[in-house]
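To keep things clear, I will list the structure first and then write my remarks on it.
Sequential numbering from 1 along the given sequence is applied to the chain's residues.
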Amino acid sequence: MKKVKYFYNTQTLKYEKLVVSVRVKILRILGFLSAAIVTGILFLSVAYRFLDSPKEKNLRREIDQMKEQYDLLTDRLSEVKGQLTELQHRDNEIYRVIFEAAPIADSARAGEVKKREERLLALTNSEVIEATSGTLTELTNRVKAQEKSYAQIDDLIRNKQKMLASIPAIQPVANKDLDRIASGFGYRVDPIYKTVKFHSGLDFAAPSGTPIYATGDGTVEDASLSETGYGNHVLLNHGYGYKTLYGHMVRIKVKRGQQVKRGDVVGWVGSTGKSTGPHCHYEVIKNTSKVDPVFFFFNDLNAEQFDKMLKIARSGNQSLD
């Protein structure tokens, strides 16, 4: 039964039946619908702002995966650039120095490609592709330049066989396991005075009487007992600006003016002169300057052994002389 509403009419002083016009009913319905629509819009706005749709969740997941993959790619590119930089350093500072060839400018290696800062979150997809493409282009140019440089070095090698035979290229003491390096080139603690002094060679610790080999073809320039701390020592002149010195021998085998070949025995390990134990002090001299001998073992060592040798030689330990 429909509920009937009444109101008190103050004019007639009677209760009368409440009659709602059609116009009022329509206005009430429209007001309700308007409120519902506004409420719905507000709800959807909040939902779209703070809640992801399934499609958006998938897209966000894909973006996160792309970011992760891009980070991995960037790390790999950085690693490759680091390895290439080391090759370029060895090319300019070792191989091309050995053959007295002019170093290659970095701009020539890079192909004049400008450096890019790869801030992923601030880049669009096209910018990400452009940045990655630029890095790959730079690496490609550097690799091509390195290949060209090595081709030039190959030509120098073919034309300088005699020079190669003369340049120091092996270790002066048998050291297959790389366990005989006692002290490297650079500032080291003096074993006697206990002060930091420049150590101008490598110390190879070995039992007294161990053979010492010429590291390149040359002429014996000196073979005598030194008064400056080297003890019994041999100085070889290899030509092309190179000399090598072998110190603290127990006995010398060669004599001044003698011609020697790489691998010939020039003496035996001892502890004469300023020495705290049996070892061979080995120096490489290039144009009157003493240089790090560790870069002149390329006939003895592969890349992995060379890296290991560098770490051993660069440790800040005490020298033996």
Side-chain angles (χ1 to χ4, degrees), residues 20 22-96 103-153 301-311 314-315:
V20 180
V22 175
R23 179 175 176 275
V24 173
K25 289 182 178 180
I26 292 174
L27 290 175
R28 288 180 177 177
I29 292 172
L30 291 175
F32 174 78
L33 291 176
S34 298
I37 291 171
V38 171
T39 303
I41 291 174
L42 291 175
F43 176 79
L44 290 175
S45 298
V46 173
Y48 277 118
R49 183 177 180 83
F50 298 103
L51 300 175
D52 290 335
S53 67
K55 185 176 181 179
E56 288 175 330
K57 288 181 179 179
N58 290 334
L59 289 174
R60 193 176 299 277
R61 190 181 303 112
E62 290 178 3
I63 290 173
D64 290 339
Q65 291 175 351
M66 289 176 62
K67 288 179 181 178
E68 183 178 352
Q69 292 172 357
Y70 185 82
D71 288 340
L72 292 174
L73 177 61
T74 302
D75 291 342
R76 179 56 182 156
L77 286 174
S78 298
E79 181 181 349
V80 172
K81 287 182 73 174
Q83 294 171 346
L84 189 56
T85 299
E86 176 62 22
L87 287 175
Q88 292 168 178
H89 173 76
R90 292 177 65 177
D91 182 31
N92 274 347
E93 303 299 327
I94 303 172
Y95 306 134
R96 300 187 76 83
I104 299 176
D106 187 69
S107 59
R109 295 182 186 275
E112 302 296 347
V113 176
K114 294 181 179 179
K115 294 182 180 179
R116 293 172 171 83
E117 294 184 354
E118 298 165 343
R119 297 187 177 92
L120 178 60
L121 296 178
L123 297 178
T124 64
N125 289 339
S126 60
E127 289 172 332
V128 169
I129 294 172
E130 181 185 358
T132 306
S133 176
T135 303
L136 290 174
T137 299
E138 180 181 352
L139 288 176
T140 301
N141 289 335
R142 288 183 179 275
V143 169
K144 288 181 179 178
Q146 197 60 50
E147 289 175 347
K148 183 178 179 181
S149 176
Y150 283 147
Q152 293 173 349
I153 291 175
L301 308 175
N302 58 34
E304 182 179 353
Q305 290 172 322
F306 178 79
D307 288 338
K308 182 178 179 180
M309 174 72 82
L310 278 180
K311 293 177 182 177
R314 289 176 177 173
S315 61

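Residues forming a side chain to side chain contact (heavy atoms under 4.5 Å, CB included) with I41 (at least two apart in sequence, or on another chain): I37, S45. Partners of I26 by side chain to side chain contact (heavy atoms under 4.5 Å, CB included), not counting sequence neighbours, listed by chain and number: V22, L30.
Here L27 contributes atom CG and S34 contributes atom OG; the two are 10.0 Å apart, rounded to the nearest 0.5 Å.
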> Under the side-chain contact (heavy atoms from CB on, under 4.5 Å) criterion, do Q65 and R61 qualify, and how do the steps go?
Replying inline: CA-CA 6 Å; Q65 291 175 351; R61 190 181 303 112; 4.1 Å; yes
